[in-house]
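Just so it is clear: chains get the letters A, B, ... in the order the sequence lines come, proteins before strands, and each one is counted from 1.
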Number of protein chains: 2
Amino acid sequence: MEERIERIRQQLHEHSYKLTPQREATLRVLLENEEKHLSAEEVWLLVKQKAPETGLATVYRTLELMSELGILDKVNFGDGAVRYDFRSEDAEHHHHHLICVECGTVDEIHEDLLGEVEQAVSDKFRFHILDHRLSFHGVCHRCIDNVDLDEVSKPKPQM
Amino acid sequence: MEERIERIRQQLHEHSYKLTPQREATLRVLLENEEKHLSAEEVWLLVKQKAPETGLATVYRTLELMSELGILDKVNFGDGAVRYDFRSEDAEHHHHHLICVECGTVDEIHEDLLGEVEQAVSDKFRFHILDHRLSFHGVCHRCIDNVDLDEVSKPKPQM
DNA sequence: CTACTTGCAAATCGTTTGCAAACAT
DNA sequence: ATGTTTGCAAACGATTTGCAAGTAG
């Protein structure tokens, strides 16, 4: 955690940005809630517990800044708010998500599943791949025994 | 085109919805602009050329209805507006997108690339897959010769 | 010092909604 | 007739922005 913050402080300094208390509080909230996919407002509510004067706009600005630096990824699960996700330390690729249509949970997959697929796309379409986004909509392992799989209506993922 | 409209008329009737002139105009605009990924407002501007009295709210309601019926998919390329995409006729899976970070073009891939990957996910995570979303960010075949690939900055896809 | 940051409130912008009128069957 | 659909304008909610004051390095 501390080393992680320290590393980010460096990254900020390299671009002559400062690690203000508000930014640090925001980062700590995000680090304490990895895998939770918080929205800007949710982050803000938690940040205010550490630094009560912090404004929502500042949190938005911090999140935007971290996205630009490649520290965070923005993700959109179609519920009307952008959510923020730490990019894997190796910074290689965006990770994948399993979105449960029953309970709404979003699990992460950190394995890179797309090696061969990327090769195929790259060759077939002459497309130089820089990044990808992959998510699956379905029934998670927690719900799978509680639903009749034939009953689960064709999902119309909100997005 | 006409058969496609006719089929959708049937689908609507099965759910006791009507194919009104506004809905038909909206569908025609979408059919005439497949692969264009129009936003609601862009659709509306085109619809008004066919049926000038049509309101933007009606277009939104039509697009939402079509999504619920599984005729359209909503897609979000992170530019602030939801865009609409005809679901492949076989209605099997959402198709994939190649998003060019240079020129912004979005190409579609209709092949299903994920057969094996889905099997792996399904087994490994005990996740019953209903649908998926996959997109690649990179440099398209039109731009690939005009850019130094090492120059292309690490992309921070807006989403 | 002084450029970078912040908080606040107002502004934006895509999308949704209430409602009375118009319409389809 | 009767339930659906529409257009309009107002409401909404997430995000952004202008600006004067505050602060990190």
Side-chain angles (χ1 to χ4, degrees), chain A residues 5-6 8-27 29 37-45 47-69 72-84 156 158-159, chain B residues 8-27 29 37-69 72 74-84 156 158-159:
Chain A
I5 299 266
E6 201 42 50
I8 292 169
R9 170 185 267 113
Q10 296 306 330
Q11 277 189 73
L12 287 170
H13 283 182
E14 281 165 26
H15 297 263
S16 37
Y17 293 123
K18 301 165 185 172
L19 183 59
T20 63
Q22 293 93 329
R23 285 179 183 163
E24 184 170 341
T26 302
L27 283 168
V29 163
H37 307 103
L38 300 177
S39 68
E41 186 149 10
E42 288 164 353
V43 171
W44 179 54
L45 292 172
V47 166
K48 280 201 297 184
Q49 295 174 10
K50 296 182 194 292
E53 2 47 74
T54 309
L56 176 55
T58 298
V59 170
Y60 269 106
R61 286 185 277 230
T62 300
L63 294 171
E64 185 59 34
L65 179 59
M66 298 300 155
S67 303
E68 269 160 31
L69 293 178
L72 296 178
D73 277 322
K74 297 183 181 181
V75 292
N76 189 330
F77 299 128
D79 65 344
V82 172
R83 294 171 179 282
Y84 297 85
K156 297 102 193 166
Q158 321 172 52
M159 203 158 297
Chain B
I8 292 169
R9 184 201 302 282
Q10 296 304 330
Q11 276 190 74
L12 287 170
H13 282 183
E14 281 165 27
H15 297 263
S16 35
Y17 293 122
K18 301 163 186 172
L19 184 60
T20 63
Q22 293 91 331
R23 286 178 182 164
E24 184 170 341
T26 302
L27 283 169
V29 164
H37 308 102
L38 300 177
S39 68
E41 187 150 9
E42 288 164 352
V43 171
W44 180 54
L45 292 172
L46 294 168
V47 166
K48 281 201 294 185
Q49 296 175 9
K50 296 180 194 293
E53 5 42 76
T54 309
L56 176 55
T58 298
V59 170
Y60 270 106
R61 286 185 279 231
T62 300
L63 295 171
E64 185 58 34
L65 179 58
M66 298 300 156
S67 302
E68 269 160 31
L69 292 178
L72 295 180
K74 297 182 180 181
V75 291
N76 190 329
F77 298 128
D79 65 344
V82 172
R83 293 172 179 281
Y84 297 85
K156 298 100 193 165
Q158 322 172 50
M159 203 160 297

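Of the side-chain N and O atoms in Gln22(A), one or more sit less than 4.0 angstrom from OP1 or OP2 of dG7(C). OP1 or OP2 of dT6(D) lies within a sub-4.0 Å distance of a side-chain N or O belonging to Thr20(B).
Look at OH on Tyr17(B): it is 16 Å from P on dT25(C), rounded to the nearest Å. For the pair Leu12(B) CG and dT4(D) P, the interatomic distance rounds to 14 Å; values are reported in whole Å. The distance between atom CH2 of Trp44(B) and atom P of dT15(C), rounded to the nearest whole Å, is 13 Å. Remark: P of dG13(D) and CD of Glu42(A) are 15 Å apart, rounded to the nearest angstrom. Glu64(A) places its CD atom 16 Å from the C1' atom of dT5(C), with the value rounded to the nearest Å. Separating the CD atom of Glu24(B) from the P atom of dT4(D) is a distance of 21 Å, rounded to the nearest angstrom. For Glu41(B) and dT16(C), the CD to C1' distance is 15 Å, given to the nearest whole Å. Following rounding to the nearest Å, Leu65(A) (CG) and dT15(D) (P) show an atom-to-atom distance of 17 Å.
Ranking dG7(D), dT6(C), dT15(D) by closeness to the Tyr60(A) side chain, first place goes to dT15(D). Closest contact between the side chain of Ala81(B) and the listed nucleotides dA24(D), dT5(D), dG14(C) involves dG14(C). When distances are taken from the side chain of Arg61(A) to each of dG7(C), dT16(D), dA3(C), the shortest belongs to dG7(C). With distances taken from any side-chain atom of Glu53(B) to the nucleotides dT6(C), dA14(D), dG7(D), the minimum falls on dG7(D).
With respect to Glu6(A) and Arg9(A), a salt bridge is recorded, a charged nitrogen being found less than 4.0 Å from a carboxylate O. Under a 4.0 Å N-O distance rule, the pair Arg83(A)/Glu42(A) qualifies as a salt bridge.
For the pair His13(B) and Ala57(B), nearest-nucleotide mapping onto DNA chain C gives the more 5' position to Ala57(B). Toward the 5' end of DNA chain C, the nearer of the two residues Ala51(A) and Arg83(B), judged by each one's closest nucleotide, is Ala51(A).
Contact annotation: the side chain of Val29(A) never approaches that of Gln49(A) to less than 4.5 Å [non-hydrogen atoms, C-beta and beyond]. Inter-residue side-chain proximity for Ile5(A) and Leu19(A) is flagged as met; some heavy-atom pair is nearer than 4.5 Å. Using a 4.5 Å heavy-atom cutoff, the side chains of Tyr17(A) and Arg23(A) are in contact.
Across all strands shown, Thr54(A) has heavy atoms under 4.0 Å from sugar-phosphate atoms exclusively, and none from any base.
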